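Shown next, in structure tokens, is the structure this report addresses.
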Amino acid sequence: MRLNKKTEDEIVALLVEDGLVDGALVQSTYKEVAKTGQPILASLKTKGIVDDDRLQHATADVLKVPYVDLRNVRFDRQKLLKIPQEVAERSRMIPLDERNGQLVVAMIDTSNVQRMDYLSTLVNMPVHGVMTSEAGIDNALSQYVADLKEVDRVAEREEQIANTSEEVVTITQDSPMAKALMSILDYAAKSKASDIHIEPLENSLVIRCRIDGVLRRTMELPKSIEPALVSRIKIMSKLKIDEHRIPQDGQFAVNVNGNVIDLRISTSPVVWGEQVVIRLLDKSGTSMDVEKMGMTGRALQDVMAGISRPNGMILTSGPTGSGKSTTLYALIKKIKSDAINIVTLEDPVEYKMDGVNQIQINVDAGLTFASGLRSILRQDPDVVMVGEIRDAETANLAVQAALTGHLVFSTLHTNSAAGILPRLIDMGIEPFMIASTLNTVIGQRLVRRVAERREAFQSSELETTAIRSVVGDILPKTAEEVPIVGERLGYQGLPLANSKSFTLVKGIESEEAPGGYKGRAGLYETITVDEDIQKLIVAHATSGDIMRVAKMKGTVTMRQDGMLKALTGVTTMEEVNRVASDLA
């Protein structure tokens, strides 16, 4: 926005008067700009004396223009679509509401008459501008969800073509189909989906997206679009388009709003055609902080103690999609430094990290977890991460690496932390070797977080009984114990164990938060392999025996962790029961 010197001085004076900037810093900046000729507002912003939001707000006050703070606003998708996404991104204008026959839009520069005239012509109504900040515009743009109408249009066109001639399909399917596929990928990426399922039925093609761990039907397309859509995916992932009898795996990457998202493609023949599952690996939307992921209290202490040791093994367990790899990345991030050599073996390399030597498994070329582990142990590593222990050979090599002075991270598919120990014995590892190498074992699941818009309610008699049976023995018994127990468990504001009922929360459903949920958090249980646990391992104890001793030593189980998260408003009891109903 171009402002004259008088207006800029008025804005600076307002910022100083309201105490938003330091007067002494402003005076020294005035002396500098007198020599350089640079505008005062630009200098204050460049030097970090005032942030963009405060500057825009003060500018709006001086210009007598309404100001809206959009940095934390959740938008209605239907209102956003009053302006096409590409226009909003190009013009940096966000539709807010219709008032008195005018479209109210938020923008950076309300003096840009040409831009407002163009938009007025586009939406066929007068446009009234209010001011906001760059951060507010970016927040709004990030909430645009891809318009899937393009897919419908292509589907309709393909259906018409299918009824004419096959030759025309070959000529026309390429560009429109690529556009349709990009619309689906764009929608999935902006919805924070982890997977896209393209499933052929007898008379239609169903698209489902896994969002926050739950599959949701996105759209249903005519059967005629299936061959062209599957072929387009195969072409982009360099698969054989004429092979329909066997499963194929591939990959490619797409750019969505400046973020490069890696896609893992898996095709498989099913009764009614070829099913395609696309996994989206978007590192920009993933927290690499164990605390933000939901690990707290005793679990966090156990893990921090385990990774601070110079050697040994830290193993995570859980079903597919429970966040095991993300936990390993977060732990690697905790210990990463220039003083140690960290080497990883992964399939696939999901998140690229600076300062870590990451190796992609390539079975076709003979690079497996076992062969790769043999190789990297000759490369002087201090820390080794094996994406997954899948067989006895890899397990033996990992144990040998831990015995020879390396810190080893890996994952196993078991239902609980205690289940890791007998699983390793089943793989042929001697119990005494497990006992002497394991530092910490982690069990985890993922639950959906309750959305910001929520409402509280009191637990029913059935819910109250369930809470008491799971966490009654670890909740505080008196008011004096509340801060002490809260500190030990890592949760503040815990209720008393003998409460008549408990306060729970549920999210308010919206397009942004289907089912009242938004995002996910981890449920964790950890076991530190101390002398008592070592004795149990050597004695071939069951996972139940190991967990009983671990609980006596203070381990909080995943189910207990889930109940504590429900009591403190992180998630709901329904979610805990959904993902941890099989756990004690």
Side-chain angles (χ1 to χ4, degrees), residues 262 281 283 286 288-290 293 295 302-318 323-413 420-421 423-424 427-430 432-442 444 526 528-529:
D262 291 329
L281 303 175
K283 57 177 175 281
T286 303
M288 290 295 178
D289 190 320
V290 286
M293 288 156 54
M295 191 178 288
D302 286 350
V303 169
M304 291 301 104
I307 66 175
S308 65
R309 293 169 66 177
N311 54 57
M313 295 177 69
I314 292 92
L315 299 181
T316 67
S317 69
K324 301 185 296 297
S325 296
T326 305
T327 298
L328 291 186
Y329 280 114
L331 297 181
I332 291 289
K333 184 181 175 185
K334 285 278 186 188
I335 63 171
K336 187 180 71 162
S337 79
D338 291 338
I340 59 175
N341 178 23
I342 303 174
V343 185
T344 74
L345 281 167
E346 305 172 58
D347 184 23
V349 175
E350 295 188 21
Y351 306 104
K352 297 176 179 64
M353 296 181 73
D354 290 336
V356 177
N357 300 300
Q358 296 171 276
I359 299 172
Q360 168 74 54
I361 293 299
N362 187 342
V363 177
D364 292 339
L367 178 56
T368 63
F369 281 117
S371 64
L373 189 49
R374 278 197 200 88
S375 173
I376 63 177
L377 289 177
R378 295 192 289 270
Q379 295 185 349
D380 187 32
D382 299 291
V383 177
V384 175
M385 184 183 107
V386 181
E388 184 182 345
I389 294 177
R390 296 176 179 172
D391 52 51
E393 186 181 11
T394 307
N396 266 298
L397 287 166
V399 168
Q400 291 295 333
L403 281 171
T404 53
H406 303 90
L407 188 60
V408 179
F409 294 85
S410 193
T411 69
L412 269 174
H413 281 282
I420 287 178
L421 307 170
R423 177 81 179 102
L424 287 172
M427 285 183 163
I429 309 300
E430 292 292 339
F432 75 89
M433 292 182 72
I434 299 171
S436 58
T437 55
L438 269 180
N439 295 349
T440 310
V441 290
I442 307 165
Q444 66 181 85
T526 58
T528 295
V529 182

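Note that the structure is predicted; figures quoted are calculated from it, not measured.
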Compare every heavy atom of L373 with every heavy atom of T394, then report the nearest pair and how far apart it is. O-CD2, 4.0 Å

Is any side-chain heavy atom of T368 less than 4.5 Å from a side-chain heavy atom of D391? no

Looking at N439 and N311, would you say the former's side chain and the latter's main chain have a donor-acceptor pair under 3.5 Å? yes

Between F409 and I307, is any pair of side-chain heavy atoms under 4.5 Å apart? yes

D382 (side chain) donor-acceptor with N341 (main chain) under 3.5 angstrom: yes

Can a donor-acceptor pair be found, under 3.5 Å and without considering hydrogens, that links the side chain of Q444 to the backbone of T316? no

K324 side-chain N/O to E388 backbone N/O, donor-acceptor pair under 3.5 Å: no

Whether Q360 side chain and V349 backbone form a donor-acceptor pair below 3.5 Å: yes

Would you mind telling me which of V356, V408, L407 makes a side-chain contact (heavy atoms from CB on, under 4.5 Å) with V383? L407

Verify, without hydrogens or angle tests, whether S371 (side chain) and G366 (backbone) share a donor-acceptor contact under 3.5 angstrom. yes

Side-chain heavy-atom pair I314, I442 within 4.5 angstrom cut-off: yes

S410 side chain to V386 main-chain N or O, any donor-acceptor pair under 3.5 Å? yes

